[in-house]
Amino acid sequence: MGRFARLRAAGVGFVVDLAAQPVPVVVHWGRDLGELDESGLAALAFVGEPAVLNNSVDVPRRCSVWPTEFEGWAGTPALEGHRGGIATTPRPRLVEHTLADNRLELVLDDEITGLRVTLVYTMDSSGVLSARATLCAKKSDTAEPYEVAGVSTLLPLPSRAVEVLDFTGKWCRERSPQRTRLGHGAHVRGSRRGKPGQDSAFLMTVGTPGFSFGEGEVWALHVAWSGDQRYVVEQLPETPPVLGGGELLRAGEVRLAAGESYDTPITYFAWSDEGLDGLAARFHALQRKQSRPPRPLVLNTWEAVYFNHDLDRLLALADAAAKVGVERVVLDDGWFRGRRDDTAGLGDWQVDITVWPRGLSPFVDHVKSLGMQFGLWFEPEMVNLDSDLARQHPEWLLGVPGEPGPPSRNQYVVDLANPEAWTYLLTSIDGLVAEYGIDYVKWDHNRDLHEAVDHTGRPVVHNQTLALYRLIDELKRRHPGLEIESCASGGGRVDLGILARTDRVWASDCNDPVERQSIQRWTAQLLPPELIGSHVGPERSHTTSRRTDDSFRLATALFGHAGIEQDLTACSPAEIDKLTAWAAMYKELRPLLHSGRVVRAELPDDGLFFHGVISNEHGLFSLARISTSPAGQSWRVRLPGLSRGRDYRLRIRADLGLPSMRQVRAPEWVTAAIDGWVRVPGSVLVDAGVAMPTLDPGQALLLEVIVDRA
Ligand code: DGJ
């Protein structure tokens with residue numbers, strides 16, 4: 001290897017100058033710069049070296065792989081910590097490096113902190129760069145452990161990256177986008193909830209001015225971790241902007257005695273010059289490496305029956321589900337001992353025989369006899385004080401002993417790092433999965449972790465998260481093929497740490513399609529549609545009370561891992577017919593929807609959403625009107641992602657009924673496309689666009705496109 005280490009894939013380049021002192025410097029992350037030889041790379045570094053400023057250290061300040069004050073770095077450092085109040089000024093030096101298979105490993109040795117840091121960067125074939133650091137406390141004669149206060153993996157951005165997009169939200173309104181302009185200082189987002197939370201920053205993206213779905217250069221970071229976490233984008237007057245993050249550690253949480261080590265979570269960095277859709281495509285490609293069987297159409301019992309577990313009612317629900325075309329039935333909360341409402345029972349993971357006198361078999365067997373899979377709800381990390389578990393093992397609960405603080409949804413948290421508690425949970429879930437041949441677990445997590453300390457008072461979110469991962473991994477090892485959904489009061493635990501071991505997320509408890517349009521559109525910024533649970537609820541939403549047309553609910557739920565969350569036994573024959581048509585449509589289109597490229601359009605009308613999924617030959621688009629707008633026309637909308645040089649045919653899918661429109665007469669092409677295929681050159685669709693009808697609010701039009709072979 002020469003002076004430079006280079007990782008390249010899918011048009012992305014990452015270049016590190018190994019000769020830079022005291023530690024290597026990142027000289028480029030962004031567009032692949034082509035076949036540069038050693039002298040070209042030297043020029044890249046040479047012409048990028050900044051000036052030495054007045055009132056500044058007398059060396060150029062660049063962003064190294066491990067920024068420290070030793071280099072004159074005044075921004076967020078890579079490492080914060082101390083050893084008994086000293087050793088706060090790291091001075092690492094590169095001692096080893098290896099580069100192979102698009103993987104760069106750098107070993108830094110630091111006499112001051114007594115740490116050896118191994119940094120690994122890997123460029124995936126999708127172009128997503130992952131970074132991870134391992135800190136190992138070297139053997140030393142001091143008995144004082146090194147306390148790790150924080151580790152941030154940081155990458156430099158060019159100064160043209162000036163706009164920040166990240167996310168916030170609340171229960172039933174997850175992944176709400178927010179934009180800010182990057183000034184001097186830090187834009188920091190953290191979670192102290194023991195999970196990413198409904199307000200998770202999710203994907204911190206920084207881009208060129210006005211970047212949009214289809215345009216602009218963007219750099220993004222995702223922290224693949226299901227516990228406390230931190231994202232930062234920062235610019236100081238004298239140093240390049242940096243984007244970084246990692247685990248948010250509490251004081252005393254990670255203390256390294258000699259020989260002990262700490263692994264940071266994986267941080268994923270992605271770049272695109274094709275705007276947010278380009279970024280999404282990279283993340284989707286990364287996650288699609290894992291092949292999965294077709295995503296079965298789900299029926300979840302929660303909003304159909306809540307805690308009213310009555311066998312006859314559930315059998316009738318399963319019958320109705322099978323007729324509609326459901327492929328997996330999930331029995332939600334309410335099946336275990338004492339769980340007649342949300343005040344009791346959590347922790348007692350045995351079937352409640354007062355409600356299920358013959359166990360779950362009569363239901364499970366019926367579901368399976370109808371050819372459907374069976375799924376069961378758990379909330380393993382949680383406990384109600386009104387449970388045998390809490391009564392018998394108060395020492396298994398997190399928090400100050402005897403003073404657990406306020407409950408949240410009447411519940412507290414089990415200390416998963418306690419081996420006995422962990423084994424109890426594993427044995428309980430494992431036993432039920434084996435006994436009933438459970439295909440799918442909905443794994444819920446309905447409260448934030450506050451005062452998450454063990455009985456010695458030590459903060460535990462780090463260990464809790466690792467123990468959670470071990471628990472899921474062990475269950476999956478024992479039951480290959482078992483699928484798990486990550487749910488946390490809806491979409492409160494959506495991250496690539498949990499998704500490395502689960503199979504989808506429940507994006508939100510909100511099934512109101514008006515809200516769901518936005519929640520799914522932005523969840524898809526990181527996750528491919530097939531990992532996003534999206535269910536059709538009843539006419540009147542249980543979480544917003546809004547009434548919507550079924551065609552809108554169905555069109556919205558189509559673009560994800562689809563399911564039903566309503567009492568089918570209360571539906572009219574006409575509603576059942578429509579659900580059946582939708583189920584067939586989902587099965588017909590899921591090969592496209594679960595493998596294609598997600599494309600979204602930025603429309604001047606805020607009340608109008610346009611998105612689609614396209615493959616090489618085929619595409620399905622949705623025009624959804626969320627609210628009315630002052631504009632009379634919806635004007636021409638350009639179809640993103642198609643090829644200008646090809647001819648296409650397009651039609652309107654009326655399987656779910658047509659949306660209601662507010663106009664005397666729809667554009668003529670609409671009438672023609674309802675009746676059959678309309679031939680349109682690609683350049684017209686891509687560059688000129690198609691005049692859209694004026695939909696009423698809460699309506700969606702589904703547009704299918706295929707390549708014209710005539
Ligand atoms: C919260 C989840 O998000 C819901 O879907 C449901 O499973 C309830 N918990 C059950 O308590």
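Throughout, residue positions are numbered sequentially from 1 according to the sequence presented. Order of appearance sets the numbers: ligands from 1, and atoms from 1 within every ligand. Please read these numbers as outputs of a predicted model, since none were measured by experiment.
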_I'd like to know if Glu379 contacts ligand 1, where contact means a heavy-atom distance under 4.0 Å to any ligand atom._
no
*Applying a strict 4.0 Å limit to heavy atoms, is Met382 in contact with ligand 1?*
no
Give the atom numbers and elements of ligand 1 that come within less than 4.0 Å of a heavy atom of [X].
X	value
Lys442	4 (C), 5 (O), 6 (C), 7 (O)
Trp506	3 (O), 5 (O)
Asn446	1 (C), 9 (N)
Cys487	2 (C), 3 (O)
Gly490	3 (O)

*asked:* I need the contact type for His445 against ligand 1. Using non-hydrogen atoms and a strict under-4.0 Å cut-off, is it side chain, backbone, both or neither?
replied: neither
*Between Phe374 and Arg328, is there a cation-pi geometry (under 6.0 Å to ring centre, at most 45° from the normal)?*
no
*Geometric cation-pi criterion Arg600 and Phe610, 6.0 Å radius, 45° cone*: no
*Would you call Arg295-Glu485 a salt bridge at under 4.0 Å N-O?*
no
_N or O pair under 3.5 Å between Arg339 and ligand 1_ = no
_Under 3.5 Å: N/O of Trp377 near N/O of ligand 1_ = yes
*Decide whether Glu565 and His535 meet the rule of one side-chain donor and one side-chain acceptor closer than 3.5 Å.*
yes
*Return the residue, atom name and 0.1 Å-rounded distance of the protein heavy atom closest to atom 9 (N) of ligand 1.*
Asp444 OD2, 2.7 Å
_Among all the protein's non-hydrogen atoms, which is closest to atom 11 (O) of ligand 1, and how far away is it?_
Asp333 OD2, 2.6 Å
*Between Trp356 and Phe336, does the ring centre distance come in under 6.0 Å?*
no
*Ring centre gap for Trp302 and Phe307 strictly below 6.0 Å*: yes
_Any Leu496 side-chain heavy atom under 4.5 Å of Ile266 side chain_ = no
_With Arg409, the salt bridge (charged side-chain N to carboxylate O under 4.0 Å, His left out) member among Asp342, Asp448, Asp341_ = Asp342
*Answer yes or no: does atom CZ of Arg173 have more than 12 heavy-atom neighbours from other residues, nucleotides or ligands under 6.0 Å?*
no
_Nearest-option assignment for atom 10 (C) of ligand 1, heavy atoms, candidates Asp341, Leu346, Asp509, Asp332_ = Asp332
